[in-house]
Protein chains: 2
Amino acid sequence: MEATRWLDEHQDRAWRGYRRMRRLLDLELARELTQDAGLSEPDYDVLSDLSETPQGRLRLSELADRMLWSRSRLSHHLTRMQQRGLVTREECPDDARGAIVVLTPAGRDAIEAAAPGHVTAVRQHFLDLLTPAEVEALGAFTHRVVDHLARSRAPRPRRGRQA
Amino acid sequence: MEATRWLDEHQDRAWRGYRRMRRLLDLELARELTQDAGLSEPDYDVLSDLSETPQGRLRLSELADRMLWSRSRLSHHLTRMQQRGLVTREECPDDARGAIVVLTPAGRDAIEAAAPGHVTAVRQHFLDLLTPAEVEALGAFTHRVVDHLARSRAPRPRRGRQA
DNA sequence: GCGAATTCGTTGACATGTCATCGACCGTAG
DNA sequence: CTACGGTCGATGACATGTCAACGAATTCGC
């Protein structure tokens, strides 16, 4: 077994900063979201993804895939959001197993009320503190990392035993 | 009320990339950590912070502050880790209310066994995919954001009504 | 078509995190 | 010394996330 390559000074600083920023940013964004709009971050994400579709409707599995959530988690969460009147479930005409998640008018109102404040908070506590070059770099390397991870977790596209 | 400034194309790309990377990276790192070392990420973080102190012992509140966890969350988590033999609690001589969290030999073994693989995974799925300039930029802006957030959440250092 | 294997979404049990509250203890003002 | 406000850590109730299993429906191989 190889000798472990530990992080050098720069990498260590970056990794610690990344984790600490993540945590603080989450706490602050969640705090403001709850206070100003009565939504949790997961609530916001669900509503946001739904509202980005033309009809405000998505197949449950499609939504779960976009959010990188398990179907189980999404199903549980939708049940709770449904009780608050933010979304509804409809039957899927194509596939009798399926469920379609639908944004209710109240859900639409909620996301539209929450979005401006949330975007402002994201700017204020994060994006506006970065130079344009840093924003550019962030966009570049995050997508690079995402592609890399997506490739390694993706089920082999077709044909062939994996693992 | 002001017109909301939405994110421009670059910011939107960066923000989406950031969130997606976070999620995928978490999933992958947690998966490997569980599989290879039988630890969750929170477990690893607790053990890691403890092992970085000279004696492997920290006051509970001190550990909670470093990790940005609530005392309650840490107390619950320690109870579970204690049952697995990774840590112990000792009385605090200075302050009879206090508790000192102590890394057990088994806990030390666990973190030492887990660390090489974890660091390798962090490199492989993240840091090694970044150029040195990107690592530098990441270190710079994350610390800038952390300072900004820490300032806004910090109780006013001394003297004076806040809020 | 037909049957086996797979996918879909739900469910219940359980693990984890949050929040409010508590008893114990500390520090300080008087 | 003592009373009082604040801190410390634990706890129980509850919200949320994970995991395995299920019934129902679809798809694939023949």
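Every chain is numbered from 1 and lettered A, B, ... according to where its sequence line falls, protein lines coming before strand lines.
- To the nearest angstrom, P of C:dC25 lies 10 Å from CZ of B:R97.
- Comparing A:S70 and A:D94 against DNA chain D, the residue whose closest nucleotide sits nearer the 5' end is A:S70.
- If you check the side chains of B:R89 and B:T79, you find a donor sitting under 3.5 Å from an acceptor.
- One atom, CD of A:E90, and another, P of C:dG9, lie 14 Å apart when rounded to the nearest Å.
- Under the side chain to side chain contact (heavy atoms under 4.5 Å, CB included) test applied with A:L29, the options A:L33, A:D26, A:L25 reduce to a single match, A:L25.
- By the ring-ring contact (aromatic ring centres under 6.0 Å, His included) test, A:H76 pairs with no residue at all, sequence neighbours left out.
- Relative orientation of the A:F126 and B:F141 rings is tilted, given thresholds of 30° and 60° on the angle between their planes.
- With hydrogens and angles left out, the side-chain atoms of B:S61 and B:R66 include no donor and acceptor closer than 3.5 Å.
- Annotation: proximity of residues 71-88 of chain B to DNA chain D (heavy atom, distance under 4.0 Å) is found for B:R71, B:S72, B:S75, B:H76, numbered in ascending order.
- Side-chain atoms of A:D45 never come within 3.5 Å of backbone atoms of A:P42 as a donor-acceptor pair (strictly under, hydrogens ignored).
- Where DNA chain D meets chain B (any atom under 4.0 Å from a heavy atom), the bounding nucleotides read 5' to 3' are D:dG6 to D:dG12.
- Below 30°, between 30° and 60°, or above 60°: for A:H118 and A:Y44 the angle between ring planes is between 30° and 60°, a tilted geometry.
- For the residue pair A:Q124 and B:H148, no side-chain donor N or O sits within less than 3.5 Å of a side-chain acceptor on the partner.
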